[in-house]
Amino acid sequence: MTLKRLVLIFVLTPIAVLLAVSALFGSWQEPQFQSRLELYQTNIALQAQAWRAEDSNDDNLQAIREAILGEQPLESATNQYEEARQSVQANLDKVNNKLAQLRSQPEITPIPPKPLPEVPPTTKTSKQGQQQLQQSLKQLQKLLAELDLRLGILQAQQGQTDKALKTWSELEQRSNINPEFGETAAVLSGLWSNPSRLLPNAQQPIQKNLEGWFRSTALIQLYQLQQRQDALSAVKAAQQESAAQAVVKLAVIGTIPTLAALIGLILLILLFAQRLLKGKASLLAQNADVLWSTPWDGETVLQVFVIGFFFMGQIFVPLVLSLLPIPRPIADVRLQAFSVLISYLLVASGALLVLYFSLKRFFPLPEFWFRFRFQDNWFLWGLGGYCAALPIVVVVSLINQQLWQGQGGSNPLLQLALESRDGVALGIFFFTAAIAAPFFEEILFRGFLLPSLTRYLPVWVSILISSLLFAIAHLSLSEILPLTALGIVLGVVYTRSRNLFAPMLLHSLWNSGTLLSLFILGSN
């Protein structure tokens, strides 16, 4: 065994596995992005439920409204906020427990880098770990206060005034909150008390610490008590305008994916029926058992992924970026988006270069390797695969949410895309997720890994393993099941079409649909 092989197998591979496992374990206690996304959608639904059509007696309009919002939007929103509050409280308890453990165990603990970090790999002392946890604690305390302010308004709007006053009173009594939240809670308590109490400058904390439907609802209550008819008319008119826009947003977010998922469900039924009736002559059986001719062995696969993917993504590129004279943390959203893009392009370029030099000695490659053909039916495979993936991943995601209960971490790019209001930044995020990511990841996981595995395994096992590794590479525990399901569909599409354009299109449509939903939700 050569020295190169020894180093690769017994040194570099264990290090890469340790980094990946450590990063996955680190995401265990992190909140899922899905929980925050659901609150954004709930907020838009609350805005939309305030919509009143000009012809309020039109049964068709009322039916459309109920179809989009449900029969009891306020009750649904209250349940959503109560679940979110329970999740945040549970996270608070976990952070407090971690802090207690760190105080009792001050030894140095190695901390692996996250994918595409802005700082080089390092270690964190107990003191540094406490500082990070203290920061997380403050963020969670702030989020809990914001949830209580909003939850109280929801309770008050459903006639549960005593419950709302109790929610705000408990918030005021918490010593760990920003005084502004306590002041806002006192203002809201005064507005819904009987008799009401109008505190001085009540409008300012409402406008500062509430937004969307919650702000307009509180302002309407305030202006009604103050008998300010002009201000009341203005806020009601603005509320109706926002509500009409929210209805359109919800229709776009809900209708397009629902229709695509319905088409995908029908397509899946037809494909499985055809498989049962026609057997190996069906589309699903096309190329299903045809193996690639693979001239390299497992050592080459390890070399590409260990050196080209993990070390490029977790050590080399972060180290190079850390040497650049860039102030950190990056506050400007355009610079954040540009930093994410540059980091991703560097990782992708490095991995593709390692892939090229690893396979160069095998050129010319056998047939069907890294195949791109415009004349093929790749578009139908990609579009059909996207529709078929929707119902599958949705079902898996629902099961996944029950398993993780809001924990397990998420891709940080999603949060940035959701909260960005800058068109240039959104364009950069879109290019990263919808163009760069599908191109790079499909070449690596479907173009190289999946066919390489068929040297040792059947095609269907190769699809499963490559899909699981594709999911693990995203380094978030909560995303492993959904991304594995998506990876299986991508693998089936590629093995049947034998054209990389097909999974690239599917991947791009998937990321584009996710980003479109985030852009719409974030524009609320």
Can you find a pair of side-chain heavy atoms, one from [X] and one from [Y], that are under 4.5 Å apart?
| X | Y | value |
| --- | --- | --- |
| Val11 | Leu6 | no |
| Leu352 | Tyr356 | no |
| Pro458 | Asp289 | no |
| Arg85 | Leu144 | yes |
| Leu453 | Val459 | no |
| Phe448 | Leu355 | yes |
| Gln89 | Lys94 | no |
| Gln49 | Gln47 | no |

* **Verdict with supporting geometry, Thr484 and Glu479, side-chain contact (heavy atoms from CB on, under 4.5 Å)** => CA-CA 8 Å; Thr484 299; Glu479 295 182 335; over 6 Å; no
Check whether more than 12 heavy atoms from other residues, nucleotides or ligands sit under 6.0 Å from atom [atom1] of [X], and answer yes or no.
| X | atom1 | answer |
| --- | --- | --- |
| Phe272 | CZ | no |
| Phe430 | CZ | yes |
| Phe379 | CZ | no |
| Asp93 | CG | yes |

* Asked: Quick one: are the ring centres of Phe316 and Phe310 less than 6.0 Å apart?
  ->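 Ring centroids of Phe316 and Phe310 are no less than 6.0 Å from each other.
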Short question: side chain of [X], backbone of [Y] - any donor-acceptor pair under 3.5 Å?
| X | Y | result |
| --- | --- | --- |
| Thr432 | Ile428 | yes |
| Thr454 | Leu291 | no |
| Thr255 | Val252 | no |
| Ser282 | Gly279 | yes |
| Arg455 | Trp296 | yes |
| Ser467 | Gly487 | yes |
| Asn400 | Leu481 | no |
| Tyr456 | Gly298 | yes |
| Asn287 | Arg496 | yes |
| Ser508 | Met504 | no |

Kindly compute the distance separating [atom1] ([X]) from [atom2] ([Y]), expressed to the nearest 0.5 Å.
| X | Y | atom1 | atom2 | value |
| --- | --- | --- | --- | --- |
| Leu271 | Leu276 | CG | CG | 11.0 Å |
| Leu262 | Leu267 | CG | CG | 11.0 Å |
| Ile472 | Leu483 | CD1 | CG | 11.0 Å |
| Ile315 | Leu19 | CD1 | CG | 5.5 Å |
| Leu449 | Leu444 | CG | CG | 7.5 Å |
| Ile463 | Trp460 | CD1 | CH2 | 10.0 Å |

Ignoring hydrogens, what is the shortest heavy-atom contact between [X] and [Y]? Give both atom names and the distance.
| X | Y | value |
| --- | --- | --- |
| Ser497 | Ala502 | OG-CB, 3.5 Å |
| Trp369 | Pro451 | CH2-CB, 3.3 Å |
| Ala48 | Val247 | CB-CG2, 3.7 Å |
| Trp292 | Tyr494 | CZ2-CE2, 3.7 Å |
| Leu250 | Ala45 | CD1-CA, 3.6 Å |
| Phe362 | Pro295 | CE2-O, 3.5 Å |

With under 30° as parallel and over 60° as perpendicular, where do the rings of [X] and [Y] fit, or are they tilted in between?
| X | Y | answer |
| --- | --- | --- |
| Tyr344 | Phe440 | perpendicular |
| Trp510 | Tyr386 | perpendicular |
| Phe374 | Trp378 | perpendicular |

* Asked: In terms of side-chain heavy atoms, does His507 have a donor or acceptor partner in Glu442 at a distance below 3.5 Å?
  ->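 Yes.
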* Pair Gln303-Lys4, side-chain donor/acceptor within less than 3.5 Å ->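 Short answer, yes.
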* Give a yes/no verdict on a cation-pi contact between Arg446 and Phe470, requiring under 6.0 Å between NZ or CZ and the six-membered ring centre and an angle within 45° of the axis. =>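 Positive - Arg446 is close enough to the ring of Phe470 and near enough to its axis.
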* To do: Start with the C-alpha distance between Leu302 and Glu299, add both sets of side-chain angles, then the distance that settles side-chain contact (heavy atoms from CB on, under 4.5 Å), and finish with yes or no.
  => CA-CA 5 Å; Leu302 276 179; Glu299 181 184 344; 5.7 Å; no
* To do: Begin from the C-alpha positions of Phe501 and Asp376 and carry the test side-chain contact (heavy atoms from CB on, under 4.5 Å) through to its verdict.
  => CA-CA 9 Å; Phe501 280 133; Asp376 225 334; over 6 Å; no
* Does the pair Leu468 and Ile480 meet the rule for a side-chain contact (heavy atoms from CB on, under 4.5 Å), with working shown? -> CA-CA 7 Å; Leu468 181 60; Ile480 287 180; 4.1 Å; yes
